[in-house]
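Heads up: the structure comes next, in structure tokens.
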Amino acid sequence: MKRVAVLTSGGDAPGMNAAIRSIVRTGIDKGWEMFGVRLGYKGLIEERIVPLKARDVSGILQLGGTMLGSARCLEFKTPEGQAKAIRTLNQFGIEALIVIGGNGSQTGSYKLSELNFPVVGVASTIDNDLYGSEITIGVDTALNIALESVDRLKTTASSHQRAFLIEVMGRDCGYLALMTGIAGGAEMVVIPEVVTKPEEVAAVIYRSYELGKAHAIVVVAEGAKYNAEKLMNYCDENRDALGFKLRATILGHVQRGGNPGAFDRIMATRLGAAAINALERGEAGVLVGWVNGRPGSIPLKEVVSNKKQLDLSLVELSKTLF
């Protein structure tokens, strides 16, 4: 009989609970004992491991966030912290660990794997910047939340003939901003991958004004060189160059919250089951992600050694459409 634990790490993403539920129930269906680690890697160090039965994960499929919790843990980044985590897993008789999370979380998975502990990662981050998975748990829901916000703000912008800077999450990756801009019909997107100067943004806003548009919408990724705050400061100093009055809205963590949509629930469920199936096949040291429209796996070593690239042809498409 296997004893398998699951933890969630890093930023929460809508669909994490669906993955937890799937992992626990698929494992139990195979006759395995399932456990949950509270508060991510911090919980490993602090020995916060609890048994999970089928009923313990009832009613969480539709809930956002993570029932297991997540927390930053600087100690785990040290060799001593990693050794402590392994000791805890051995102490509880855990034979394998499943880690649901993004880049930082899967770096932790790889560290444990290097210490010869069986680990399988599950791709989850709303930024969609994790190498080895075409899309990750939480992205679709976060994108729809951002899109709804753009649609609502566009209504207000048109009513008052204003321009809006709308900042979405994306510290190192502009995927959410780019897709939100394309789907929301924004006049411009500003992302980390392409440096856009404040005067370029001002020029697009003014051009929209000159064309007689009722509004101008610019979607900005938080990690862009010139984020919403910096762009707002520039535009405040150059108001006459805009035509429109300008407002800024920062969506922030609202994109992480709320219930996951149907796609995230289904994908998370399939990835969770695939993680258990990978362990049953004797696979470890891999990330289970979404590849060619279905669950697939890639070695964690490749995940941590590569950076996912944004399809910059979509940037050109956005310029054509705007």
Side-chain angles (χ1 to χ4, degrees), residues 8-16 40-41 70-74 76-77 99-111 121-143 145-147 149 165-183 186 188-198 200-201 218-232 248-257 264 287 289-290 298 300-318:
T8 52
S9 174
D12 61 307
M16 277 185 163
Y41 290 116
S70 181
R72 295 173 68 87
C73 185
L74 295 177
F76 181 76
K77 294 182 178 181
V99 175
I100 306 170
N103 280 305
S105 305
Q106 303 309 336
T107 298
S109 299
Y110 180 61
K111 293 294 184 183
V122 173
S124 173
T125 167
I126 70 166
D127 287 345
N128 202 29
D129 61 347
L130 184 62
Y131 186 87
S133 188
E134 294 165 6
I135 191 167
T136 51
I137 294 172
V139 172
D140 186 67
T141 302
L143 179 56
I145 291 170
L147 181 59
S149 300
L165 297 174
I166 304 173
E167 186 177 283
V168 302
M169 297 189 87
R171 185 178 57 198
D172 300 308
C173 178
Y175 181 89
L176 270 183
L178 181 57
M179 295 305 177
T180 299
I182 291 174
M188 191 176 199
V189 292
V190 181
I191 58 177
E193 291 85 352
V194 180
V195 177
T196 304
K197 296 179 180 178
E200 295 178 73
V201 175
V218 179
V219 181
V220 186
E222 64 174 329
K225 182 175 181 180
Y226 297 99
N227 60 17
E229 181 182 2
K230 292 177 181 177
L231 290 173
M232 195 69 192
T249 298
I250 299 175
L251 298 185
H253 288 78
V254 70
Q255 295 158 93
R256 286 186 184 173
D264 275 321
L287 172 77
W290 201 248
I298 181 174
L300 284 169
K301 185 175 182 178
E302 288 187 36
V303 174
V304 302
S305 301
N306 292 279
K307 182 177 181 180
K308 188 175 184 178
Q309 300 297 318
L310 185 66
D311 184 354
L312 294 182
S313 69
L314 293 173
V315 176
E316 295 307 312
L317 173 62
S318 70

Calculate, to the nearest 0.5 Å, the distance between atoms [atom1] and [atom2] belonging to [X] and [Y] respectively.
X	Y	atom1	atom2	answer
Ile126	Asp12	CD1	CG	8.0 Å
Lys77	Arg72	NZ	CZ	6.0 Å
Phe76	Thr107	CZ	OG1	10.0 Å
Thr180	Gln255	OG1	CD	7.0 Å
Asn128	Leu178	CG	CG	11.0 Å
Leu143	Tyr175	CG	OH	6.5 Å

State, to 0.1 Å, how close [X] and [Y] come at their nearest heavy-atom pair, and which atoms those are.
X	Y	value
Val219	Ala186	CG2-CB, 3.8 Å
Ile191	Ala224	C-CB, 3.9 Å
Ala146	Val168	CB-CG1, 4.1 Å
Pro14	Gly257	CG-O, 4.3 Å

Between [Y] and [X], is there a side-chain heavy-atom distance shorter than 4.5 Å?
X	Y	value
Ile100	Ser124	yes
Ile166	Leu251	yes
Glu200	Met188	yes
His253	Met169	yes

Exercise for review: Give every residue pair that meets the salt bridge (Lys or Arg N to Asp or Glu O under 4.0 Å) criterion with at least one member in residues 306-317, sequence neighbours excluded.
Suggested key: Glu316-Lys319
With sequence neighbours excluded, tell me which residues meet side-chain contact (heavy atoms from CB on, under 4.5 Å) with [X].
X	answer
Ser109	Tyr41, Val99, Gln106, Val119, Leu300
Ala71	Leu39, Lys42
Thr125	Asp127, Asp129, Leu130, Thr136
Asp140	Asn144, Phe263, Asp264

Has the side chain of [X] got a donor or acceptor atom that lies under 3.5 Å from a matching backbone atom of [Y]?
X	Y	result
Glu222	Gly170	yes
Ser105	Ser9	yes
Glu167	Asn227	no

Residues in side-chain hydrogen bond (donor to acceptor under 3.5 Å, both in side chains) contact with [X], at least two apart in sequence or another chain:
X	value
Lys111	none
Ser305	none
Ser133	none
Asp172	none

Review point. Taking it one step at a time, do Val303 and Ile298 satisfy side chain to side chain contact (heavy atoms under 4.5 Å, CB included)?
Key: CA-CA 7 Å; Val303 174; Ile298 181 174; 3.6 Å; yes
Practice item. Report the residues that fulfil ring pair (Phe, Tyr, Trp, His ring centres under 6.0 Å) with Tyr131, sequence neighbours left out, ordered by chain and then residue number. Key: none
